[in-house]
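The next block holds one structure in the form of structure tokens; read it before the comments.
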Amino acid sequence: MKDYKIKTYKEAIQVIEEVGLLPLAPLVPEFPALNTITAPESWHSDTEFDPWIWRTRFAVEGVAGYGKFMKKKSVLISRALLPYFKAVLGSYETVEERFQKGNVSREALAVYRIISEAGVIDTRELRTIAGLRDKEHKKVFDNALLELQGAMDIVISGIKERINAEGEKNGWSSTSFETYDSWASRNKIEALAMEKEKAREYLLYHFQEVASENAVKKLKKILGE
């Protein structure tokens, strides 16, 4: 596999398109991650070379799907491979249908309904509407988001800056969420009519072409060996 070292956003896009999957931090052995192919001093530099800024820009510009889709870790998935990952990690049943079967938590269903109705919503507003704003509810809220991202029901679609009364940035920005279907539709990524196993085979064939044997072994497990 190539030993990627990049400096610019444009170069990062090329890596995502070539490899198809780019975790923010190491997830798969002998496989690139955004923080291993960029210089440590670039992170949080608040410059055009800052990968921390890029991570949401990919989603905003429709370059890649972004979310905690795999092992509760943040990853970027190329437009080309995203429908295949959705077929493998997601479900053809709706969130409502899975809830009725006991496969989705009540909190996740409530959070999904709010996101679906809002279109795009930031974390602060989402927690407030869901009634999970209090500190003791943070874990419940976070788990609901992880559950929905793990099944690719929702994606991170950008960030919302915190602005004070003077119109200036004030404090940490807030992550915004959107349903996968909404984000994919807006970015003209078509749904894939393919069985889960066929989609998995396609992904593994792709990774066998670009990754090491050890990396493919790990990906097999992540994709449900």
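Contacts of Tyr180 classified as ring pair (Phe, Tyr, Trp, His ring centres under 6.0 Å), with partners at least two apart in sequence or in another chain: none. Partners of Glu18 by salt bridge (Lys or Arg N to Asp or Glu O under 4.0 Å), not counting sequence neighbours, listed by chain and number: Lys2. For Asp50, there are no salt bridge (Lys or Arg N to Asp or Glu O under 4.0 Å) partners two or more places apart in sequence or in a different chain. Considering only residues two or more places apart in sequence or on other chains, Asp122 meets the salt bridge (Lys or Arg N to Asp or Glu O under 4.0 Å) condition with Lys160. The salt bridge (Lys or Arg N to Asp or Glu O under 4.0 Å) search around Glu17 returns none, not counting sequence neighbours. Take Ala215 and apply the side-chain contact (heavy atoms from CB on, under 4.5 Å) test, not counting sequence neighbours, and it matches Val28, Phe31, Ala211, Ser212. In this view, Tyr84 and Tyr202 satisfy the ring pair (Phe, Tyr, Trp, His ring centres under 6.0 Å) rule, not counting sequence neighbours. For Ser45, the side chain to side chain donor-acceptor pair (under 3.5 Å) partners two or more places apart in sequence, or in a different chain, are Thr47.
Checked by atom type and distance alone, the side chain of Arg55 never pairs as donor or acceptor with a backbone atom of Leu24 at under 3.5 Å. With Trp43 contributing its side chain and Thr38 its backbone, the two residues share no donor-acceptor pair below 3.5 Å. Side chain of Ser174 to backbone of Thr123: a donor-acceptor contact under 3.5 angstrom is found. The backbone N or O of Asn103 lies less than 3.5 Å from no partner atom in the side chain of Arg98, so there is not a single donor-acceptor pair. The backbone N or O of Thr94 sits less than 3.5 Å from a side-chain atom of Glu97, completing a donor-acceptor pair. Within the 3.5 Å criterion, the main-chain N or O of Ile159 finds no donor-acceptor partner in the side chain of Thr175.
Pairs of residues two or more places apart, or lying in two chains, that qualify as salt bridge (charged side-chain N to carboxylate O under 4.0 Å, His left out) and include a residue from residues 175-184 are Glu178-Arg186. Residue pairs meeting the salt bridge (charged side-chain N to carboxylate O under 4.0 Å, His left out) criterion with at least one member in residues 3-12: none, sequence neighbours excluded. Pairs engaging residues 67-83 under the side-chain hydrogen bond (donor to acceptor under 3.5 Å, both in side chains) rule: none recorded [sequence neighbours left out].
Side-chain atoms of Tyr9 and Glu61 include a donor-acceptor pair closer than 3.5 Å.
Ion pairing of Lys198 with Glu195 is absent here, as no side-chain N (NZ or NE/NH1/NH2) approaches a carboxylate O to less than 4.0 Å. Using a 4.0 Å cut-off between charged nitrogen and carboxylate oxygen, Glu30 and Lys218 do not count as a salt-bridge pair.
Here the shortest heavy-atom pairing between Val19 and Leu81 reads O-CD1, 4.3 Å. A pairwise comparison of heavy atoms in Val120 and Ser157 identifies CG1-OG, 3.6 Å as the closest pair.
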Residues 107-114, side-chain donor-acceptor partners within the protein, below 3.5 Å, at least two apart:
residue: Arg113; atom: NE; partner: Glu96; partner atom: OE2; Å: 2.8
residue: Arg113; atom: NH2; partner: Glu96; partner atom: OE1; Å: 2.9
residue: Arg113; atom: NH2; partner: Glu96; partner atom: OE2; Å: 3.4

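Surrounding CD of Glu136 are more than 12 heavy atoms belonging to other residues, nucleotides or ligands, all under 6.0 Å away.
A cation-pi contact, defined as under 6.0 Å to the ring centre and within 45° of the axis, is absent between Arg106 and Phe99.
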